[in-house]
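In what follows, chains carry the letters A, B, and so on, assigned in the order in which the sequence lines appear, proteins first and then strands, with residues in each chain numbered from 1.
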Amino acid sequence: MAIKYELIKTCKQSGARLGRLHTPHGVIETPIFMPVGTQATVKSMTPEELKDINSQIILSNTYHLYLRPGHKLIEKAGGLHKFMNWDKPILTDSGGFQVFSLGPLRKISEEGVEFRSHLDGSKHFISPEKAVEIQNSLGSDIMMAFDECAPYPADHDYVKKSLERTTRWAKRCKDAHENTDKQALFGIIQGGMYKDLREQSAKEIIDLDFPGYSVGGLSVGEPKDLMYEVLEYTTPLMPKDKPRYLMGVGSPDDLIEGVIRGIDMFDCVLPSRIGRNGTAMTSQGKVVIKNAKHKESFEPLDPECDCYTCKNYSRSYLRHLFKANEILGLRLLTNHNLYFLLNLMKEVRQAIMDDRLLDYRKEFFLKYGYEL
RNA sequence: UCCGGAGUAGCUCAAUGGUGGAGCAUUCGGCUGUUAACCGACAGGUUGGAGGUUCGAGUCCUCUCUCCGGAG
């Protein structure tokens with residue numbers, strides 16, 4: 001087996017899990033946040049910088065790398081790790097979400113998905129088998145099954161048909177995947193916002209016996225309370241001895257709420273994207289660095305933060321960089337936001353260890369400005 | 001001094017004589033398995049000034065001011 005999950009303890013106060021995930025490229029302490037590096041790069045960050053902020057694993061993308069530069073090229077380069085100079089674990093998303101987000105450019109059938117490239121309009125076809133083949137070429141530590149992410153809202157009938165197809169596709173992915181000792185393939189539970197469908201999907205996917213499971217189809221525009229509710233009845237259905245991954249979630253409150261509901265892994269573009277767009281996550285809440293009120297603020301972005309950005313630069317300077325459209329500004333904010341979430345998860349792990357995650361949530365929310 | 005050109009939003013510029021717009025800048029908002037250094041909103045005007053022609057003038061006419069270019 002490529003990976004092994006070790007449950008260290010559960011928080012007595014919240015039930016959250018503290019664990020370790022052993023992978024071919026090292027051990028990951030969970031719960032963990034995974035920075036997103038869609039095109040074989042976490043935008044604006046070097047691998048060295050990612051290590052400096054304690055990134056343990058990053059995510060990359062099948063769809064994007066298949067289109068450009070091509071998975072065969074990456075295979076020829078010696079695999080994704082070597083190609084991008086990252087020797088720690090990598091998880092690759094299957095392209096299922098791109099199917100969801102490509103909208104009118106794609107056509108879904110039982111066989112797979114036909115779509116037009118967003119780059120040049122060329123026609124392509126990705127099947128479950130193809131998604132596995134691509135990810136085998138990339139050589140990621142954790143591969144994701146090719147799924148269909150249903151939109152929100154979607155009616156019961158549509159979601160049921162969609163999740164059943166996701167199950168059939170998951171089976172095909174598993175059958176196509178042979179490199180099981182070097183790469184782990186995770187199954188994805190769908191089912192939208194319907195309890196009976198989540199139960200059905202969980203049963204079908206777990207019956208296929210994957211080394212890890214993710215919850216997909218959340219964080220697609222539904223209210224937060226609804227997402228938490230779905231998690232509350234979905235994670236208890238998942239095996240305790242396997243990692244649980246909530247796909248696409250990454251706001252600070254969602255991470256904490258997800259961990260409390262039994263999630264071990266998260267990924268999200270939010271910190272890197274809003275960082276590039278000029279918003280920082282700080283212990284005191286959100287900071288939009290371009291706002292005029294920071295013009296003469298010579299204080300750090302977050303006085304409680306120990307990241308490179310906060311230790312060396314003022315809000316005034318960061319604002320200047322953004323106003324002047326200087327590339328360093330978005331690099332520094334990306335660096336800070338990723339550090340902030342990685343550090344948040346570190347504190348969450350400590351709080352689980354100390355059996356006080358609910359207390360921690362309360363303290364964090366109060367400072368950040370979230371309502372409990 | 002003469003000749004020519006130009007004066008419209010903070011800037012660069014649109015607008016048959018018929019409801020003065022855009023891009024950028026400003027201010028603010030959004031972003032959740034990246035089609036995203038992106039997207040959106042608010043605000044911003046006595047069209048250099050004064051007359052005139054006209055039902056109606058940014059647009060045509062007269063005078064005037066400023067700037068640019070050329071000549072002297």
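- One C1' atom belongs to B:rG44, the other to B:rA50, and the distance between them is 27 Å to the nearest Å.
- Within 4.0 Å of A:Q98, counting heavy atoms only, lie sugar-phosphate atoms of the nucleic acid but no base atom.
- Here A:L246 lies out of heavy-atom contact (under 4.0 Å) with every strand.
- Across B:rA43 and B:rC28, the matching C1' atoms stand 10 Å from one another, rounded to whole Å.
- A distance of about 43 Å separates the P atoms of B:rC38 and B:rA57, rounded to the whole Å.
- Checked against B:rU35, B:rU32, B:rA37, the side chain of A:R276 finds its nearest nucleotide in B:rA37.
- Looking at heavy-atom distances under 4.0 Å, A:G217 makes contact with a base.
- As judged by a 4.0 angstrom heavy-atom cut-off over every strand, A:D267 is placed among residues touching the sugar-phosphate backbone only.
- No engagement by A:E222 is indicated, since no non-hydrogen atom pair under 4.0 Å with the nucleic acid exists.
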Exercise for the section: Report the C-alpha separation of A:Q135 and A:S140 in whole Å, then their side-chain angles, then the decisive distance to 0.1 Å, and conclude whether the side-chain hydrogen bond (donor to acceptor under 3.5 Å, both in side chains) test is met. Expected result: CA-CA 7 Å; A:Q135 294 182 86; A:S140 47; 4.6 Å; no

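- Across all strands shown, B:rG56 has no partner, as no Watson-Crick or G-U wobble contact with both distances under 3.5 Å is found.
- A salt bridge links A:E232 with A:R261: the distance from a Lys NZ or Arg NE/NH1/NH2 to an Asp or Glu carboxylate oxygen falls below 4.0 Å.
- Residue A:R273 places no side-chain N or O under 4.0 Å from the OP1 or OP2 atom of B:rG33.
- For the P atoms, the distance from B:rC63 to B:rU27 is 45 Å, rounded to whole Å.
- Among the heavy atoms of the strands lying under 4.0 Å from A:G250 is at least one base atom, whether or not backbone atoms are also near.
- As judged by a 4.0 angstrom heavy-atom cut-off over every strand, A:T279 is placed among the base-contacting residues.
- Looking at heavy-atom distances under 4.0 Å, A:L218 makes no contact with the nucleic acid at all.
- Ranking B:rA36, B:rG29, B:rG33 by closeness to the A:F97 side chain, first place goes to B:rG33.
- The separation between A:H64 atom NE2 and B:rG33 atom C1' is 10 Å, rounded to whole Å.
- Of the C1' atoms belonging to B:rU46 and B:rA36, the separation is 43 Å, rounded to the nearest Å.
- The CD1 atom of A:I90 sits 19 Å away from the P atom of B:rG33 (whole-angstrom rounding).
- A donor-acceptor contact shorter than 3.5 Å links the side chain of A:N312 to the backbone of A:Y308.
- Checking the phosphate oxygens (OP1, OP2) of B:rC28, a side-chain nitrogen or oxygen of A:N291 falls inside 4.0 Å.
- One atom, CD1 of A:I289, and another, C1' of B:rC28, lie 15 Å apart when rounded to the nearest Å.
- Side chain of A:K286, nearest nucleotide from B:rU27, B:rG30, B:rG29: B:rG30.
- Among the heavy atoms of the strands lying under 4.0 Å from A:D147 is at least one base atom, whether or not backbone atoms are also near.
- Taking the six-membered ring for Trp and thresholds of 30 and 60 degrees, A:Y66 and A:F115 have ring planes more than 60 degrees apart, a perpendicular arrangement.
- With salt bridges taken as basic N to acidic carboxylate O contacts below 4.0 Å, none links A:E257 and A:K224.
- Judged by distance alone with a 3.5 Å cut-off, a donor-acceptor contact links the side chain of A:S272 to the base of B:rU34.
- Not a single donor-acceptor pair under 3.5 Å links the side chain of A:S214 to the backbone N or O of A:M247.
- Summarising the geometry, the separation between OH on A:Y245 and P on B:rU32 is reported as 15 Å, rounded to the nearest angstrom.
- Residue A:S219 has no polar side-chain atom (N or O) positioned under 4.0 Å from OP1 or OP2 of B:rU32.
- Side-chain N/O atoms of A:N325 include none lying less than 4.0 angstrom from OP1 or OP2 on B:rC24.
- At B:rA37, none of the side-chain N or O atoms of A:R331 fall inside 4.0 Å of OP1 or OP2 (strictly under the cut-off).
- Under 4.0 angstrom from either OP1 or OP2 of B:rU27 there lies at least one side-chain N or O belonging to A:K323.
- With both ends at atom C1', the span from B:rG30 to B:rC42 equals 14 Å, rounded to whole Å.
- Here the separation of B:rG18 from B:rC60, taken at their P atoms, is 11 Å to the nearest Å.
- Residue A:N61 is classed as a sugar-phosphate contact, given heavy-atom separations below 4.0 Å to backbone atoms only.
- Taking atom P in both B:rU53 and B:rU59, one finds a spacing of 15 Å when rounded to whole Å.
- Considering only the side chain of A:R319, B:rU27 comes nearest among B:rA37, B:rU27, B:rU35.
- The base of B:rU32 lies close enough to the side chain of A:K224 for a donor and an acceptor atom to sit less than 3.5 Å apart.
- Within the 4.0 Å cut-off from OP1 or OP2 of B:rU35, at least one side-chain nitrogen or oxygen of A:S101 is found.
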Practice task
Evaluate the ring-ring contact (aromatic ring centres under 6.0 Å, His included) criterion for residues A:F298 and A:Y317: first the C-alpha distance (whole Å), next the side-chain angles of each, then the deciding distance (0.1 Å), finally the verdict.
Solution key: CA-CA 8 Å; A:F298 304 108; A:Y317 179 65; over 10 Å; no

